[in-house]
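Data block below; observations after.
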Amino acid sequence: MSHWIVLPVLLPAFAAVLQLLVQRRSLAVQRGVGFTATLALLAVALRLLAEAATGDRVVYRLGDWPAPFGIVLVLDRLSALLVLLTASVALVALVAAARGWDGRGRHFHALFQFQLMGLCGAFLTGDIFNLFVFFEILLIASYGLLVHGGGAARLRSGFRYVILNLTASSLFLIALGIFYGTTGTLNLADLALKVATLGAPEATLLHAGALLLLVVFAVKAAALPLYFWLPGAYAAASAPVAALFALLTKVGIYSILRVFPLVFGGRAGALAELAPPVLVPAGLATLAAAVAGVLAARELGRLVAYLVVASVGTLLVAAGIASEPAVAAALFYLLQSTVVVGGLFLLVERIAEQRGELADRLQPGPAVAQPGVLGSLYCVGAMAAVGLPPLSGFFGKLFVLRSALDAPAAVWILAVVLTSSLLLLAALARAGSDLFWRAEPGRGAPAPRPATAAELFPTAALFAASVLLVVAAGPVWSYAQATAAQLADVEAYVRAVLGVPWSAAR
Amino acid sequence: MELLLASAIGVLVAAGVYLLLRARSFPVILGLALLGYATNLFLFASGRVRVGLWPVITDGMKEYPDPLPQALVLTAIVIGFGMTAYVLVLALRARIELGSDHVDGDADDADRGGAP
């Protein structure tokens, strides 16, 4: 049994404990530990991706307890891809944080590693209660990271964020109670088997539980009407934390893609295809609400936070179409939207610090010190976020729309996605002209300090990743297609985890 | 027994949700705690409610309680306790920094809202 799979969980866990031990020492030591651990995580993630790319599922039984009784970690294409995305974005966020944010409060580095542990664990686990535990780990770390740096705005939105997520955790537990009470198992593969054979009264109860679980995942993903916590929280968070948080909503999307096709997929008897009819309208409504938010935003930080919600809407639509091309498109769009929005959050900080008191408010003010560099980066980020060619956002949306053509709601999807793209373009162009073109050079205090190349590097690196997704679109797309095919193959998942074929297990 | 447990869960959820919807942070935290208790009882009941069974399994035993929900509840209690402590500290800190314990952190809004 290969022990590599458990490393993305163990490595950050040990690094976090080590960070707690060295936190009285200088920041340099903490940064050293942080970078070593995150680079090692990246290396492990690359190795796991190579292993998963062969197409096999690798199952790791913790404590070697047999499958439905013990907890299993399952490595497949989807989890390997998301662990790699986590490690990459985390490395960039850490580079950005090491420019000074990590010193504005204690425990930053320890919380950062715990956050990575929770994210990687959630992506790898094959047990739904274990998924809850890893959710809690990543949320607890995020509560701390969100208020990192202090200040009234962070505390205000942080408190709401914590309360909302704690309520969602209660709902998660209630859903798990229903799952265990009706099926007697919490292992995802075993659940898939048991759900298919449930009788009428239990199936009705489980239906409620499954929809409750969908609500919980929608809170994490920030879907309408459960997204109101996000814009305030993300806009208030410090820039490196917000860049890392661009991943957090994707955990909700991941959980929907992981749990619903597997447990409530085509073979689930009375509960088959539970989620898709809900997801498409929810996604379209989320997208529309997010566009309204982008148009109404008066600060750039809030505007970018609404872009996160818009990407969630698009992802939910693709997940709701649920065909293999649609899921593959969702994965491609997930990759690109995470890196682009993360880069934009980091860019907002650079722009804000060069505009004096106006910060990131969207009104004409003093000119930034580097209109050329910041303007170009903003232009690249905005184009990628809206989905203009030739950047990755265009291909992401193209794949989603192409897969929507066969869907029953094709007209609605095309209309809403295309209209929203147009409105996003208008909003981002207006914001850009307020920030860069309508500047009044005479106004404002002393000339701001230009950002150094090292300060601009994290943004540039994430935007470069977006360009890389276009250059390598062929391999990435074929990987995404293979991932979608693997996700649809429920029987193979059950066989890999339980060790017996579907027919024999029933 | 079932009726008692079910109504206890129901009352706790109702009280918890009511308090969660209040405008001040302290009732909200209390509501969260009550909702947590209800959730724990619910999880506990998912292993079926049985009375008079031995907790330790020995040879030749035909009936025994399901140990898994108890382990789940223990995990949930630990997480819930830790989170309640954290959210209390966060609420106190917000009260000091914002000068108000309204959940929106805005003293004027809270005064207009009326109800404490």
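From a predicted model like this one, the values you see are computed outputs, not experimental measurements. Reminder, nothing fancy here: chain letters follow the sequence lines and each chain counts from 1.
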With distance as the sole criterion, is a donor-acceptor pair present between the side chains of [X] and [Y] under 3.5 Å?
| X | Y | result |
| --- | --- | --- |
| Ser142(A) | Tyr161(A) | yes |
| Gln23(A) | His107(A) | yes |
| Asp66(B) | Tyr180(A) | yes |

Where on Phe44(B) is there a heavy atom nearer than 4.5 Å to chain A: the side chain, the backbone, both, or neither?
->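 No part of it gets close to chain A.
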Identify which part of Ile79(B) has an atom lying under 4.5 Å from any heavy atom of chain A, answering side chain, backbone, both or neither.
->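 For Ile79(B), side-chain heavy atoms alone lie under 4.5 Å from chain A.
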Segment of Phe159(A) engaging chain B (4.5 angstrom heavy-atom cut-off) |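 Both backbone and side chain.
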Contact origin within Leu186(A) toward chain B - heavy atom pairs under 4.5 Å =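 Leu186(A) touches chain B through side-chain heavy atoms alone.
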Hey, which of Thr183(A), Leu173(A), Leu205(A), Leu213(A) is the one that makes side-chain contact (heavy atoms from CB on, under 4.5 Å) with Ile178(A)?
->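 Output: one option passes, namely Leu205(A).
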With chain A, which of [options] has the greatest number of heavy-atom pairs at distances under 4.5 Å?
| options | result |
| --- | --- |
| Leu35(B), Leu72(B), Leu43(B) | Leu72(B) |
| Thr84(B), Leu90(B), Val17(B), Thr75(B) | Leu90(B) |
| Ala91(B), Ala76(B), Gly36(B) | Ala91(B) |

Against chain B, work out which of Val162(A), Leu166(A), Val147(A) has the most heavy-atom pairs shorter than 4.5 Å and name it.
->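 Highest number of pairs under 4.5 Å: Leu166(A).
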Heavy atoms only, distances under 4.5 angstrom: which of Ser170(A), Ala152(A), Gly232(A) has the most pairs with chain B? Name it, please.
->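 Max contact count across the listed options: Ser170(A).
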Centroid-centroid distance, Phe132(A) to Phe135(A), less than 6.0 Å |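 Between Phe135(A) and Phe132(A), which both carry aromatic rings, the centre distance is not below 6.0 Å.
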Side-chain heavy atoms of Phe112(A) within contact of Asp102(A), under 4.5 Å =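 A side-chain contact is absent here, since even the closest heavy-atom pair is not under 4.5 Å.
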Validation row: Pro231(A), Arg302(A) side chains within 4.5 angstrom (heavy atoms) =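 In contact.
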